[in-house]
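Scope of the values below: all heavy atoms of this structure, side chains included, with no hydrogens, waters or symmetry mates.
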Amino acid sequence: MGLSAAAPLWGPPGLLLAIALHPALSVPPRRDYCVLGAGPAGLQMAYFLQRAGRDYAVFERAPRPGSFFTRYPRHRKLISINKRYTGKANAEFNLRHDWNSLLSHDPRLLFRHYSRAYFPDARDMVRYLGDFADTLGLRVQYNTTIAHVTLDKDRQAWNGHYFILTDQKGQVHQCSVLLVATGLSVPNQVDFPGSEYAEGYESVSVNPEDFIGQNVLILGRGNSAFETAENILGVTNFIHMLSRSRVRLSWATHYVGDLRAINNGLLDTYQLKSLDGLLESDLTDLAILKDSKGKFHVTLKFFLEEASTNQSADSITLPQDDNDNFAMRVPYDRVIRCLGWNFDFSIFNKSLRLNSGNAFGKKYPLIRASYESKGSRGLFILGTASHSVDYRKSAGGFIHGFRYTVRAVHRLLEHRHHSITWPATKLPITQLTSSIVRRVNEASGLYQMFGVLADVILLKENSTAFEYLEEFPIQMLAQLETLTGRKAKHGLFVINMEYGRNFSGPDKDVFFDDRSVGHTEDAWQSNFLHPVIYYYRHLPTEQEVRFRPAHWPLPRPTAIHHIVEDFLTDWTAPIGHILPLRRFLENCLDTDLRSFYAESCFLFALTRQKLPPFCQQGYLRMQGLVSTESLRQHRVESRLLRDYALTGRRLEDSSQQPGDQEPLGSPLVPGPLAQSLDSNKEEL
């Protein structure tokens, strides 16, 4: 009786129960989206996924978000600006100068509420990211370190495989799409004899008292190197900085990742001959030796290779033995390595093919311009680690840039997996000029991710209307229809922000005379950031994008228009900015984009075979602009129109005899209709 009662437990239902209860046999949880890392990029993606109602989870190894900022930068001052005042109330415009806030619908989650400092403290960033995650209720699994990532092929999966994630406890997680936002976390090291003597930026003391009266050699020439030098500049005997390339100043290269002015005090002391100095040499050609007193000497690796292995450090030939004027002939007390960071590939199985194997591939994962891995469909790289797309070109490696590239990735995913087309605003063609003017004057993503994200305007049949798509990855233009679900059958405009092609660079003099362009006819020679509009009759092909002219962000267009640079970055001047833009658009579309009053449309209806679009879409539908007496008087006083009403009254007065009565009816030339007869004046 007991056996018969127990038998069902070992049948199919009992087996399922046993599998469910045994953790080693249980099916791992499967999610649509997995996000690695709860830094700025990971939280930004989590926000978009949550707003869209998607199934997702964020895995974070630390107990709170933003663990990178709990330690870095080592000297705690961020170099991302926190401009709290711009004189404008437009929230989108203000984000152009807010380099720390993430995108959200909650105005309380703007970084300006967390710090008053122009260059904030890193602790404020940690506090901000924590509030961002908590306030929005983002689904983050803290204290979860993903130790290994691999693939499991499955034809039923969205991308033909699932991503299998194993955490430090051995728990397995499955997801259809993997979004990696782990940043760059592995210190970059150059292997040369004696490199083991160098202290790393990640561990060197930040207490200036530890460097009093010392000779210091810093390897590297980025912001971390100069940040370290700035901290000890006033207590050392001298600081020498060694790197294989010349210093790149951000104000010369227009790249925010190059040396910022806040950290460049050592450039002053070098150029003003106050003992500190900069030197250029390939580190792989050098060697560092330690003598019996614990001092460090720089020599050439060539000398080390010639020496016999049993020689002591004190007896190996030094460059000054042959050349007593050798620049680095003094011994150093400390050598500090500040060579930047690399992506951590160690947790990813080789089947994911994230690493290209070349030098650049050791720093960044191998990805497309859509931020998707070239080796694994469905694996996207977000944030700082995605900077290979625009390295040394734009702001994709920094919060004020990648908050927009993360949104672009989300929009691509929404269309690919949920059939939601890329957001677009459909408007009549009469609003084309004003739509472009508004975006180039307000949009933050377009402004910060210049040359990377661009607005795309898709024209409808007969150019009667258009769809406006914001911030599309410019290098994916040939695949726009596939990636967005939108059609580009009748031509398109691409709005991009660009610097002059020969203006930026480490060897350029960006303060030369006549560096600014003020005349409309010279707009194509503008040096500073300015809008450029490309017109294509047909969507460019992948081959055209790939083999575009050198230094062009896009293939050669049917027509191109530069809006002349503006000192205030305010492209609203009626004559200098808007009029040339409108005429360019009119030439491309072979139409009249002006706005007209109702009486003008009435006259056109009597005298023209084809009405301007504004009259077609407005007046004929009883939606035209109606003139008022005050507007008529303003145009007369501005000498835009003759006062035909006054002329008519004068004619009446001159023809009336004394004692005659006032004639019935209207003036000989009715005022409202007469206003339309001056064909030499453009409508406002």
query: Salt-bridged, E471 to R439, with N to O below 4.0 Å?
result: yes

query: Between S346 and D344, is a side-chain hydrogen bond (donor to acceptor under 3.5 Å, both in side chains) present by the stated rule, with each step listed?
result: CA-CA 6 Å; S346 64; D344 185 3; 2.6 Å; yes

query: Taking atom types as modelled and ignoring hydrogens, do the side chains of S444 and Y404 form a donor-acceptor contact shorter than 3.5 angstrom?
result: yes

- request: Drop me the distance from T86's OG1 to N94's CG, to the nearest 0.5 angstrom.
  value: 3.5 Å

task: For the residue pair Y534 and W552, categorise the inter-ring angle as parallel (less than 30°), tilted (30 to 60°) or perpendicular (more than 60°).
output: perpendicular

- prompt: Going from CG on L352 to OG on S376, what distance comes out if it is rounded to the nearest 0.5 angstrom?
  reply: 4.5 Å

query: Out of curiosity, L95 CG to R112 CZ, how far, rounded to the nearest 0.5 Å?
result: 11.0 Å

Those residues that, when tested against S370, pass side chain to side chain contact (heavy atoms under 4.5 Å, CB included) (two or more places apart): R368, E372, L412, M476

message: Is it true that, when you exclude R244 itself, more than 12 heavy atoms of the residues, nucleotides or ligands shown sit nearer than 6.0 Å to its CZ?
response: no

- request: Before accepting this row, confirm whether a basic side-chain N of the pair E227/R260 lies closer than 4.0 Å to the acidic partner's carboxylate O.
  value: no

Stepwise side-chain hydrogen bond (donor to acceptor under 3.5 Å, both in side chains) check, S373 with R353: CA-CA 8 Å; S373 166; R353 295 180 293 173; over 6 Å; no

task: Kindly indicate whether the side chain of E565, heavy atoms from C-beta on, has any atom under 4.5 Å from the side chain of N527.
output: yes

field: Residues which pass salt bridge (charged side-chain N to carboxylate O under 4.0 Å, His left out) with D566, listed by chain and number, not counting sequence neighbours
entry: none

query: Once the angle between the rings of H105 and Y47 is folded into 0 to 90°, is it parallel (under 30°), tilted (30 to 60°) or perpendicular (over 60°)?
result: parallel

field: M449 vs D390 side-chain heavy atoms within contact, under 4.5 Å
entry: yes

message: Under the criterion salt bridge (charged side-chain N to carboxylate O under 4.0 Å, His left out), I'd like the reasoning laid out for E202 against R337: C-alpha separation, chi angles, the key distance, then a yes or no.
response: CA-CA 9 Å; E202 67 280 3; R337 167 180 42 79; 3.1 Å; yes

message: To the nearest 0.5 Å, what is the distance between CD1 on I347 and OG1 on T145?
response: 9.5 Å

task: Measure the acute angle between the ring planes of F132 and Y128, then classify it against the limits of 30° and 60° as parallel, tilted or perpendicular.
output: tilted

- request: Indicate yes or no for a side-chain donor-acceptor contact from H415 to the backbone of L483 under 3.5 Å, with no hydrogens or angles considered.
  value: yes

query: If you count the non-hydrogen atoms of other residues, nucleotides and ligands that lie under 6.0 Å from NE2 in H551, is the total more than 12?
result: no

Ring centroid separation F343 to F348 under 6.0 Å: yes

message: Could you tell me if the side chain of I436 sits less than 4.5 Å from the side chain of L585, heavy atoms only?
response: yes

query: Side chains of T484 and L469: closer than 4.5 Å at any heavy-atom pair?
result: yes

field: Set of residues satisfying ring-ring contact (aromatic ring centres under 6.0 Å, His included) with respect to H417, sequence neighbours excluded
entry: W158

- prompt: Going from CG on L382 to CG on L43, what distance comes out if it is rounded to the nearest 0.5 angstrom?
  reply: 11.5 Å

Under 3.5 Å: donor-acceptor pair, side chain of H530, backbone of E498: yes

Sequence-distant partners of R71, side chain to side chain contact (heavy atoms under 4.5 Å, CB included), two or more places apart: R74

Exercise: identify the closest heavy-atom pair between A395 and H400: CB-NE2, 3.6 Å

query: Is the side chain of D55 donor-acceptor paired with the backbone N or O of Y33 at a distance under 3.5 Å, no angle test?
result: no

message: Any side-chain to backbone donor/acceptor pair from N231 onto V206? Under 3.5 Å, distance only.
response: yes

field: Pairing of R116 and D124 as salt bridge, 4.0 angstrom limit
entry: no

field: Steps toward side chain to side chain contact (heavy atoms under 4.5 Å, CB included) verdict (W341, Y201)
entry: CA-CA 10 Å; W341 306 90; Y201 168 79; 3.8 Å; yes

- prompt: Is the shortest heavy-atom distance from the side chain of H254 to the side chain of F503 under 4.5 Å?
  reply: yes

query: Is R486 reaching over with its side chain to a backbone N or O of L458, donor-acceptor style, under 3.5 angstrom?
result: no

query: Side-chain contact, heavy-atom cut-off 4.5 Å: D32 with R54?
result: no

message: Around atom CZ of F567, are there more than 12 heavy atoms from other residues, nucleotides or ligands closer than 6.0 Å?
response: no

field: Mutual orientation of the aromatic rings belonging to Y535 and F493 [parallel < 30°, tilted 30-60°, perpendicular > 60°]
entry: tilted

message: To check you understand the geometry: which heavy-atom pair defines the closest contact between N263 and E230, and what is its length?
response: O-OE1, 3.2 Å

- prompt: Is there a donor-acceptor pair closer than 3.5 Å between any side-chain N or O of E60 and the backbone N or O of A38?
  reply: yes

message: Checking side-chain polar atoms at under 3.5 Å, does D570 have a donor or acceptor matched by the opposite partner on T572?
response: yes

query: Looking at R515 and D509, does any basic side-chain N land under 4.0 Å from a carboxylate oxygen?
result: no

- prompt: Once the angle between the rings of Y255 and Y391 is folded into 0 to 90°, is it parallel (under 30°), tilted (30 to 60°) or perpendicular (over 60°)?
  reply: perpendicular

message: Let's go through Y114 and D131 carefully: what are the C-alpha distance in whole Å and the side-chain angles of both, what is the deciding distance for side-chain hydrogen bond (donor to acceptor under 3.5 Å, both in side chains) to 0.1 Å, and is it a yes or a no?
response: CA-CA 10 Å; Y114 288 79; D131 284 357; 2.9 Å; yes

task: Hey, could you give me the CZ/CZ distance between R31 and F163, rounded to the nearest 0.5 Å?
output: 15.5 Å

- request: Could you check if a side-chain atom of D121 sits within less than 4.5 angstrom of a side-chain atom of S115, using non-hydrogen atoms only?
  value: no

Within residues 179-188 or reaching into it, pairs that qualify as side-chain hydrogen bond (donor to acceptor under 3.5 Å, both in side chains) - sequence neighbours excluded: N188-N342

- prompt: Residues in side chain to side chain contact (heavy atoms under 4.5 Å, CB included) with F68, at least two apart?
  reply: Y72

message: Checking the side chain of R548 only, and the main-chain atoms of V545 only, is there a donor and an acceptor separated by less than 3.5 Å?
response: yes

field: Which atom of S80 lies closest to which atom of P120, heavy atoms considered
entry: O-CD, 3.3 Å

message: Determine whether a donor-acceptor pair (N or O, by modelled atom type, separation under 3.5 Å) exists between the side chain of Q475 and the backbone of P553.
response: yes

message: Do W99 and I399 make a side-chain contact, defined as non-hydrogen atoms from C-beta onward lying under 4.5 Å apart?
response: no

task: Begin with the C-alpha distance, continue with both residues' side-chain angles, and end with the deciding distance and a verdict on ring pair (Phe, Tyr, Trp, His ring centres under 6.0 Å) for H387 and F402.
output: CA-CA 9 Å; H387 195 28; F402 65 61; 9.5 Å; no

- request: Say whether, by atom type as modelled, one donor and one acceptor occur between the side chain of W571 and the main chain of V564 under 3.5 angstrom.
  value: yes

field: Donor-acceptor contact below 3.5 Å, side chain N264 vs main chain F226
entry: no

